[in-house]
2 protein chains.
Amino acid sequence: MLNGIGRRRQLEPGEQLMWEGDEAVLVANVIDGVLKLASHSADGGEQILGLAYPSDFLGRPFGETAPYGVEALTDAQICVFERKDFDRFARDHPRLEHKLLERTLTELDRSRRWMMLLGRMNAGQKVASFLLELTDRLGKAGAGGETFVTLPLSRQQMADVLGLTIETVSRQLSRLRSAGLIDTPSRREIVLRDRRELEELAG
Amino acid sequence: MLNGIGRRRQLEPGEQLMWEGDEAVLVANVIDGVLKLASHSADGGEQILGLAYPSDFLGRPFGETAPYGVEALTDAQICVFERKDFDRFARDHPRLEHKLLERTLTELDRSRRWMMLLGRMNAGQKVASFLLELTDRLGKAGAGGETFVTLPLSRQQMADVLGLTIETVSRQLSRLRSAGLIDTPSRREIVLRDRRELEELAG
DNA sequence: CGCTTATTTGATCTTCGTCAACTTATGTGG
DNA sequence: CCACATAAGTTGACGAAGATCAAATAAGCG
């Protein structure tokens, strides 16, 4: 029902949809691909605040400035709306606003679970949790009950998501590999060999 | 306009309003006091996911189970609604739902800023940021341009908020005291002597 | 007052970050 | 197709921040 005011847009990896601090002029729905929401600290370090997957909502309706930047990690397809159009439309369509409220509440819950991860987990637990979430979102079933994911992030980006360094992420993945919990056929591919054990590790 | 279906309730420090995992049967508005939202990891460690101050909204409308527990830190006054009543009421009153959506979006932004704190700051920055946020929310102006706060949390709870240990929090406070940035007339009271410098530390 | 609990302080130990070297991919131009 | 260049990832050695363990103080409270 939003089709009238939205338009499709294709993004390439690395393409920036919104900039942190920009006046928020648009909102969007993710149709396909993975995007990151990120904020920068004064010293240039980047903290990824969340990832957006298909069906997720992006942007800050009714707000003033975007509190974080949004950048595509993979090829992505999104449906964008001018914020003014969207705001007006939402006000006139309570059902839409209701839907949006539900999603935002869910997003808030997700973000709070992430805080848990950042505040209380050690490196091993973080990496394990991340792999599990990723396979839940993007995983494909492979042969023999194994799960298979293509990572939408570089090691650096994983480190930024988890509040770790690239080296620590790499070491943890190596550890999981030698423990036989995962396989890494290539840099961007992960096979979960033992989900049970991984869940154990994630705590 | 919600008065018809809400009722006042008084909470004492330590009193639990909702339990993590409970069926979410109520939602509430904070009128006075400070509450904590917290979740427990398997090993018993607690991560405080956020604090709720006057005017904040508590609970999970339209959801199934409460994703975190809510407990009063100080004497608190809240206005509670049966969730069923509230949901029905919200559906019939788009203005209310709109207001709630705006608040939830604001809350989401706040929670994301907190993720930044947990993921990227060191102990000194965390404690400094926390004191600044607290004085913004609860601080009273004292003599000589200084700001004065009564801490609603114990050291243990501060540690839980910041993802640190009690000892580290204590040491950081001692460090700030010897640097002349704060005074601690009693355990639960803090005087900011040099806000500028504290902001510097918080990064 | 004595007893219990919260906080501070000190002494180690661990984890993870930092710095550096090395290896593996991914190109690119000849 | 190969040689080389560049970027991404892995591994190792070391150090620092913060956790953990252990007392020592300081509040509260009956």
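This structure is a prediction, so every number in the text was calculated from the model and none was measured. So that the names make sense, note that chain A is the first sequence line, chain B the second, and so on, each numbered from 1.
OP1 or OP2 of D:dT11 sits under 4.0 Å from a side-chain N or O of A:Ser174. For D:dA19, one of the phosphate oxygens OP1 or OP2 lies less than 4.0 angstrom from a side-chain nitrogen or oxygen of B:Thr168. Here A:Ser170 does not reach the OP1 or OP2 of D:dG9: none of its side-chain N or O atoms lies under 4.0 Å away.
Scanning atom types as modelled, no donor and acceptor separated by under 3.5 angstrom connect the side chain of B:Arg171 and the base of C:dT9. One can find a donor-acceptor pair under 3.5 Å joining the base of D:dA8 and the side-chain atoms of A:Arg187. Judged by distance alone, with hydrogens and angles left aside, A:Glu167 brings a side-chain donor or acceptor within reach of the base of C:dC19, the pair sitting under 3.5 Å. Side-chain atoms of A:Arg175 and base atoms of C:dT15 include no donor and acceptor less than 3.5 Å apart.
Counting to the nearest Å, the P atom of C:dT15 and the CG atom of A:Leu162 are 18 Å from each other. In this structure, B:Arg120 places its CZ atom 14 Å from P of D:dG18, rounding to the nearest Å. Atom-to-atom, CD1 of A:Ile166 to P of D:dG12 comes out at 17 Å; the value is rounded to the nearest Å. Atom CD of B:Gln156 is separated from atom C1' of D:dT20 by 13 Å (rounded to the nearest Å). Look at CG on A:Asn122: it is 15 Å from C1' on D:dT20, rounded to the nearest Å. Protein atom CG of A:Asp160 is 13 Å distant from nucleotide atom P of D:dA8, rounded to whole Å. A straight line from CD of A:Glu189 to P of D:dG9 spans 14 Å, rounded to a whole angstrom. Atom P of nucleotide C:dA6 and atom CG of B:Leu73 are separated by 15 Å, given to the nearest angstrom.
A:Phe57 has its ring centre less than 6.0 Å from the ring centre of A:Phe86.
At the heavy-atom level, B:Leu164 lies under 4.0 Å from the strands shown only through sugar-phosphate atoms. Residue contacts for B:Leu173: at a heavy-atom cut-off of 4.0 Å it reaches no nucleic acid atom on any strand shown. Nucleic acid contact class of B:Ser154 (heavy atoms, under 4.0 Å, all strands): sugar-phosphate only. Nucleic acid contact for A:Gly163: sugar-phosphate only, since backbone atoms but no base atoms lie under 4.0 Å from a heavy atom of the residue.
Closest to the side chain of B:Arg155, out of C:dT8, D:dT10, D:dT20, is C:dT8. The side chain of A:Arg177 has D:dT10 as its nearest neighbour among D:dG18, D:dA19, D:dT10.
Scanning both residues, B:Leu49 and A:Arg112, for their nearest heavy atoms gives CD2-O, 3.2 Å.
Within 6.0 Å of CD in A:Glu189 there are more than 12 heavy atoms belonging to other residues, nucleotides or ligands. Within 6.0 Å of atom CD in A:Gln16, more than 12 heavy atoms from other residues, nucleotides or ligands are found, so the atom counts as buried in its surroundings. Around the CD atom of A:Gln10, the shell of radius 6.0 Å holds more than 12 heavy atoms that belong to other residues, nucleotides or ligands.
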Intermediate values then yes/no, side-chain contact (heavy atoms from CB on, under 4.5 Å), B:Leu176 and B:Leu201: CA-CA 10 Å; B:Leu176 292 176; B:Leu201 265 181; 3.5 Å; yes
